[in-house]
Amino acid sequence: MSALISSSIARKVVMALSGLFLVLFLAQHFTINLTSVIAPDTFNEWSHFMGYNPLVQYILQPILVAGIIIHFVMGIALEIQNNRSRKIGYVRYNGSANAPWTSRNMIVTGLVVLAFLGLHMYDFWVHEMAYKYLESNPEDPTRYYAETVEKFEPIWRTVIYVIAFVLLAMHLWHGFSSSFQSMGWNNKYSAGLQTFTKIYAIAIPAGFIFIALYHHFNPITH
Amino acid sequence: MNLNLKVWRQNDAHAKGKMVDYSISGIDGDMSFLEMLDILNENLINEGKEPVEFDHDCREGICGSCSLQINGEPHGPDKFITTCQLHMRKFKDGDTIVIEPFRATAFPVIKDLVVDRSSFDRIQQAGGYISVNTSGNTVDANAIPVQKEAADTAMDAATCIGCGACVAACKNASAMLFTSAKVSQFALLPQGQVEATERVKNMVRQMDLEGFGNCTNTGACEVECPKGISLENIARMNREYLKANLKG
Ligand code: HEM
Ligand code: SF4
Ligand code: FES
């Protein structure tokens, strides 16, 4: 078992499974966020459900947090291991001659996403935890929409969100289809998967960017 | 043509190496890259200097020993060739060519451009074989029917010449393409089934022990491989590895 955990392929599969799980989560997150643009009441309803349903709070949320931690800790561990594999570097290394930028810079795009997650957790999650558990405020199923839109009032936060999602798009551009290769899945459907990866990697982050910009330019007038 | 060369010079495994500049003239486009280096060495010998040490043997793309990093790419700018098959017509008069050894912790430099690739041998020895009785009662290989497609794919994998370009190209110095080619050539054939489980486990363990990096699926190896070994082999090895470990 310990041999398996230290094996390069097993680590890669952990990376792939956690990454794919995050890809699924991202789609779900996007679906809920989209309602904040098209149906604020539905957004409030769903947000309230996510915030107070015990299954979501005590089972899904810890799994998500664990998934994120496993993914970035393993990503950083692999990066360190990979750097050790070439202790003396090339004087001239023409990386772009044989591999795309996105595939060679997963750690860069990943770390930017991690930094963004710090801000994102502070913005929404820390606030939620304080509201619910520290301040013990009463349930208010109608507060989410206004709270969310308010967050996008300052231009600096909107800009940070936009940049983070551009880098997430780059991360997914390579990562989504790569995770299937890691799990040993390379066959006649792989070309189709490549196409789907490119569509997903652009469409979902672009959607998040649209939502952030939409709220920034359509503030709630008091 | 006249060329400027920047060549890695290193006295021995423990010495600190450095890039040294050389000018060379009278190079013909029809010469191979190694012939150009031969001329450089003749010049150096005539000047009473030590020639540049580099690996070569067959000079026809089958032995895999002529491994050089040329202008940041293994085997130079051309695709599906080894350094000995690279023609000087790929360069222009006045070009500067940077020539370095393949870099990987598992490929330590022995001298100048020569690296020790015995880590590949040890991966191969860990499982890259099948058990066949060769002492008198050898079985005809053709006695076991093999599906055409499997035979072709196994043959494609078996064309790996162990040059190490995959490792040299990879940003992680990963040996996954080499190891997966060696695993695949047996995994696809009935003769390889007996040792299949232990083979993939042992070869991957040896690969990790040698200090090669992890695979990020950048695909650089496949692009630089002189034999066009496909990434499908890495996926196959990952499958074989997972299957072997689930079996216990
Ligand atoms: C939290 C910060 C993150 C960091 C530090 C990070 C880091 C990395 C790194 C370094 C890799 C490449 C590993 C390798 O193959 O060598 C990777 C792969 C991947 N990441 Fe992330 N990542 C992060 C967030 C995310 C998020 C939010 C998603 C999805 C929404 C994601 C999805 C993926 C996928 C699908 C892969 C491909 C796995 C594979 O090739 O097998 N990552 N990540
Ligand atoms: S897989 Fe290709 S690049 Fe790697 S050692 Fe074999 S022939 Fe050379
Ligand atoms: S010298 Fe044998 S492959 Fe180049």
Side-chain angles (χ1 to χ4, degrees), chain A residues 1-17 19 74-75 77-107 110 174-188 190 194 197, chain B residues 6 8 17 19 69-74 77 79 98-109 167-176 200-201 204-205 207-208 210-224 230-243 245:
Chain A
M1 194 63 197
S2 69
L4 187 60
I5 290 168
S6 60
S7 114
S8 54
I9 295 180
R11 288 182 176 180
K12 205 38 214 183
V13 171
V14 168
M15 211 56 210
L17 287 173
M74 189 59 99
L78 287 176
E79 178 67 18
I80 294 169
Q81 186 187 339
N82 291 339
N83 287 338
R84 278 201 205 118
S85 303
R86 181 172 289 132
K87 288 194 187 117
I88 301 169
Y90 290 108
V91 171
R92 176 117 196 262
Y93 179 69
N94 191 358
S96 60
N98 44 41
W101 189 94
T102 48
S103 74
R104 287 179 287 123
N105 291 281
M106 291 298 276
I107 191 69
H174 173 70
F176 192 166
S177 56
S178 165
S179 55
F180 286 85
Q181 165 82 6
S182 297
M183 292 185 297
W185 201 80
N186 184 331
N187 52 36
K188 63 179 180 202
S190 296
Q194 287 286 348
T197 289
Chain B
K6 289 184 181 298
W8 182 261
M19 298 302 286
Q69 188 83 354
I70 301 162
N71 281 347
E73 276 185 85
K79 299 293 176 251
V98 181
I99 310 169
E100 296 174 78
F102 280 2
R103 293 288 188 195
T105 308
F107 287 171
V109 171
V167 174
C170 177
K171 76 176 187 66
N172 307 332
S174 167
M176 291 281 277
V200 68
K201 280 191 190 171
V204 169
R205 184 185 308 123
M207 175 185 85
D208 290 343
E210 297 291 346
F212 289 106
N214 219 288
C215 180
T216 303
N217 304 324
T218 70
C221 52
E222 181 185 57
V223 173
E224 296 295 349
S230 156
L231 286 184
E232 280 170 36
N233 291 296
I234 297 185
R236 183 177 300 105
M237 175 165 77
N238 292 356
R239 280 200 300 280
E240 288 286 317
Y241 186 79
L242 293 175
K243 216 165 59 186
N245 278 289

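Throughout, protein chains are lettered first and strands after them, A, B, ... in sequence-line order, and every chain is numbered starting at 1. Just so it is clear, the model here is predicted, and its values are computed rather than measured.
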Min side-chain heavy-atom separation B:V167-B:F102 under 4.5 Å: no
For the backbone of B:C170 and the side chain of A:R86, can you confirm whether one donor and one acceptor N or O come within less than 3.5 Å of each other? yes
Quick check: does any side chain N or O of B:E224 sit under 3.5 Å from a backbone N or O of B:A168, one acting as donor and the other as acceptor? no
If you tally heavy-atom pairs under 4.5 Å between each of B:R236, B:M176, B:M237, B:E73 and chain A, the highest tally belongs to B:E73
Side chain, backbone, both or neither: which part of B:C221 has a non-hydrogen atom closer than 4.5 Å to chain A? neither
Applying ring-ring contact (aromatic ring centres under 6.0 Å, His included), name anything that partners A:W101, two or more places apart in sequence or on another chain. none
Residue B:P101 versus chain A: region with a heavy atom under 4.5 Å: backbone
Check whether A:M15 gets within reach of chain B through its side chain, its backbone, both or neither, counting any heavy atom under 4.5 Å. neither
Between A:S182 and chain B, with a heavy-atom cut-off of 4.5 Å, which part of the residue counts as in contact: side chain, backbone, both or neither? both
Is it the side chain or the backbone of B:E232 that comes within 4.5 Å of chain A heavy atoms, both, or neither? both
Between B:I234 and chain A, with a heavy-atom cut-off of 4.5 Å, which part of the residue counts as in contact: side chain, backbone, both or neither? both
Quick one: what part of A:L78 sits under 4.5 Å from any heavy atom of chain B, side chain, backbone, both or neither? side chain
With sequence neighbours excluded, what pairs up with A:S85 under the side-chain contact (heavy atoms from CB on, under 4.5 Å) test? B:A173
Is there a donor-acceptor pair closer than 3.5 Å between any side-chain N or O of B:T105 and the backbone N or O of A:K87? yes
Of the backbone (N, CA, C, O) and the side chain (C-beta and beyond), which part of B:D208 lies under 4.5 Å from a heavy atom of chain A, both, or neither? side chain
Please check if the side chain of A:Y93 supplies one atom and the backbone of B:A169 the other of a donor-acceptor pair under 3.5 Å. yes
I'd like to know which of B:L242, B:T218, B:V223 tops the heavy-atom pair count under 4.5 Å against chain A. B:T218
